[in-house]
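For reference, the structure discussed in these notes is given below.
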Number of protein chains: 2
Amino acid sequence: MSDPSFAPRPTLEAVAARAGVSRATASRVVNGSEGVRAPLAERVRRAVDELGYVPNQAARALVTRRNDAIAVVVAEPETRFFSDPFFAQQVRGISKELTAHDNQLVLLLTEGADDYARVGRYLGGGHVDGALIFSLHDDDTLPTMARRAGVPTVIGGRPDWSDSDTLYVDCDNRGGARDAVRHLLDLGCRRIGHIAGPLDQTSSVDRLDGFRDALPGIDPRLIAEGDFTPDGGSRAMARLLADFPDLDGVFAASDVMASGALRLLRTRGRRVPEDVAVVGFDDIVSVAEWTDPPLTTIRQDIEEMGRMMARLLLRRIEAGGAEADRPALSSIVTRTQLVVRASA
Amino acid sequence: MSDPSFAPRPTLEAVAARAGVSRATASRVVNGSEGVRAPLAERVRRAVDELGYVPNQAARALVTRRNDAIAVVVAEPETRFFSDPFFAQQVRGISKELTAHDNQLVLLLTEGADDYARVGRYLGGGHVDGALIFSLHDDDTLPTMARRAGVPTVIGGRPDWSDSDTLYVDCDNRGGARDAVRHLLDLGCRRIGHIAGPLDQTSSVDRLDGFRDALPGIDPRLIAEGDFTPDGGSRAMARLLADFPDLDGVFAASDVMASGALRLLRTRGRRVPEDVAVVGFDDIVSVAEWTDPPLTTIRQDIEEMGRMMARLLLRRIEAGGAEADRPALSSIVTRTQLVVRASA
DNA sequence: CTGAAAGCGCTAACAT
DNA sequence: ATGTTAGCGCTTTCAG
């Protein structure tokens, strides 16, 4: 017990004593409240320095009911979170925004459905002031858990229900998909296939809808469902090629899947874009610029969307539960943009 | 104020009242202490369920001085964290282990040196019971900050100083590197180059040392420093090829760099492994199995190392500051293994 | 085995 | 402007 790490951290009380003021005044100085005369404040600050005082967060949280921490929950049973750069970028945006507002990011990974209970407990435990939830699949119970736990939430990607006080941030998946297909059409493609994402996610469905918008009444076999992995993209591509040897254009619902498709096309000896033009979605630079040929794609500003999620959540927390403020906050749908590289 | 989210969460007090017991007894049941008679315990449990009681963490932390939360600090100014699968795997391992012990993972990202102060404040704030620090570069102040904050720490990768109570987990970088080069030698390579990682990190230095062990007195121009990115690998490869057109073997200090090297080799028309044999390091499956040709590499069990870090830290926390337990805990160096695929 | 009571360190009314 | 005081919700001796 002689270990130095056992030296009790100084308390506000100690600081106050050393500065010769009351705990309240010390607290005021530490928290930057107005109305403390300069000399006193100075003394307190000195005491803080000398003692190396750091506020005890637990005590503070207990009374303020604020943790300055936000949970990021990834509803991805597969461990796509770590292999797909999409998440990385989004988390980066979130992290930046949170940091700028002195909030901590608490990452909650769910490896499987078993983990949901744990996450629920955590959210309910009052550890965090809010939650950012990603990558929802059909019937995901996470948002419900968060709501029951009374934790303000913002969702990444349009949820599959609509409800005025569910806030989300998404890009215009459908519009972007339309643009992708139109580009293919403009290039003169006659037989265009679609590699869709998992259709239990709205982003996939919306992109598929956009595809159909541009190609009404298309043969459903021209649509192959992937899983947002390179492998899945490859497989879907293979299927499409098998069914339609005359395929001359492909719109993949993600760059990652497009990269898989490109690979397969190469092994099959199809030239891109001469034989088959390919358009992706996301514009994940580390993927799109590195494929061979570089990928034409639909850009969404993923990092910025992350920031927006964080900002929206912080505002919602700020507003508290006060209903009056509710209408002022609304979900955000960002615009997409066609980025032409070499693949189409 | 009629917002349902304002409904005060039930307290232990409420549970106790409903179960007709004292707060103390309720607490015992909730925390699974022995010595509460079954019928009473049952009543408490029912009350918990009915009320949907969840302990307030702040209150608990205030008294127990435990947060059941561990910080993962990534000392990577560049945002390699998110682009390099290495980190992803390690974090996955950590996450699993932490979860298994009901600890939360708090991710602290540092985008630049400015963030260090914030991290220091956070660690000092008593938010977490311990810290896992990654990817240290020379003279990194993070470990010092953690120590000053009195936060038990385990480091990922051998630090550049040694000190009996600094705990770390690393693989046998030097031995692995030796194995890589020997494999190349066994294959008959006569002119072997090395693509090193940034030499301000011990893992890079250790691998370089291993390279030199197997090839004593080698021309220093056969060593090109990369930066653990594919691009860096490409550039280093180009340099090596320029200086040594007769190069017939390359050991890259990471799979990611090796993938860049492979790409460059292809654009230069060198066949792998016929003209130039390539060995990587890490065995990151998503990289090594997907390169063309698939990469021969040195495997380290990254996820397992993550688990080990977490386990070690948890034990250290468990032991408290008690010096008696110190000697029992020591750093871990894991073995590596050559995995032969097609590139060498 | 169970309950009463004393804080953990801090903030926020409320006094002064 | 500063100090006094009352808790925040929980765990944990200490009595009974």
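Reminder, nothing fancy here: chain letters follow the sequence lines and each chain counts from 1.
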_Using 0.5 Å steps for rounding, measure from the CG atom of L313(A) to the CG atom of N103(A)._
8.5 Å

*Distance in Å, Q104(A) CD paired with R121(B) CZ, rounded so as to fall on 0.5 Å steps*: 10.0 Å

_If you take any heavy atom closer than 4.0 Å to DNA chain D, which residues from residues 33-45 of chain B end up in contact?_
none

*About how many Å separate CG of L98(A) and CG of L105(A), when rounded to the nearest 0.5 Å?*
5.5 Å

_Evaluation steps, side-chain contact (heavy atoms from CB on, under 4.5 Å), between R315(A) and L167(A)_ = CA-CA 11 Å; R315(A) 271 212 290 270; L167(A) 256 27; over 6 Å; no

*By side-chain hydrogen bond (donor to acceptor under 3.5 Å, both in side chains), which residues pair with R307(B), not counting sequence neighbours?*
E97(B)

*Who passes side-chain hydrogen bond (donor to acceptor under 3.5 Å, both in side chains) against D170(A), sequence neighbours left out?*
N173(A)

_Enumerate the salt bridge (charged side-chain N to carboxylate O under 4.0 Å, His left out) contacts for residues 128-139 of chain A, please, sequence neighbours excluded, ordered by first and then second residue._
R66(A)-D129(A)

*Among residues two or more places apart or on two chains, list those pairs meeting salt bridge (charged side-chain N to carboxylate O under 4.0 Å, His left out) that have a residue in residues 142-152 of chain B.*
R147(B)-D163(B), R147(B)-D165(B)

*Could you grab the distance from atom CG of L314(A) to atom CD of E318(A), nearest 0.5 Å is fine?*
7.5 Å

_Filter on salt bridge (charged side-chain N to carboxylate O under 4.0 Å, His left out), then keep only pairs touching residues 12-29 of chain A, sequence neighbours left out; what's left?_
E13(A)-R23(A), R18(A)-E50(A)

_Minimum heavy-atom distance between R118(A) and T99(B), given as atom pair plus value_ = NE-CG2, 3.1 Å

*asked:* Counting Watson-Crick and G-U wobble pairs with both distances under 3.5 Å, what is the dot-bracket string for DNA chain C, 5' to 3', using [ ] for crossing pairs and | for pairs to another strand?
replied: ||||||||||||||||

*Is there a donor-acceptor contact under 3.5 Å from the side chain of T153(A) to the main chain of A146(A)?*
no

_Interface with DNA chain C, restricted to residues 46-56 of chain A and to heavy atoms under 4.0 Å_ = Y53(A), P55(A), N56(A)

*asked:* Please report the interatomic distance CD(Q90(A)) to CE(M308(A)), rounded to the nearest 0.5 Å.
replied: 11.5 Å

*Residues N67(B), V128(B); criterion side-chain contact (heavy atoms from CB on, under 4.5 Å); working and verdict*: CA-CA 6 Å; N67(B) 302 85; V128(B) 292; 5.7 Å; no

*Using the heavy-atom set of chain A and a strict 4.0 Å cut-off, write down the first and last nucleotide of DNA chain C that makes it in, 5' to 3'.*
dG9(C) to dA13(C)

*asked:* The test is side-chain contact (heavy atoms from CB on, under 4.5 Å); show your working for V30(A) and L12(A) and say whether it passes.
replied: CA-CA 9 Å; V30(A) 169; L12(A) 229 210; 4.3 Å; yes

*asked:* Just by distance, no angles: are the side chains of D140(A) and Y116(A) close enough, under 3.5 Å, to form a donor-acceptor pair?
replied: yes

_DNA chain C contacts among residues 120-131 of chain A, heavy-atom distance under 4.0 Å_ = none

*Can you tell me how far the OH atom of Y122(A) sits from the CG atom of D115(A), to the nearest 0.5 Å?*
14.5 Å

_Strand contacts (DNA chain C) in residues 22-32 of chain A, 4.0 angstrom heavy-atom criterion_ = R23(A), A24(A), S27(A), R28(A), N31(A)

_First-last contacting nucleotides on DNA chain D - partner chain B, under 4.0 angstrom, heavy atom_ = dG9(D) to dT13(D)

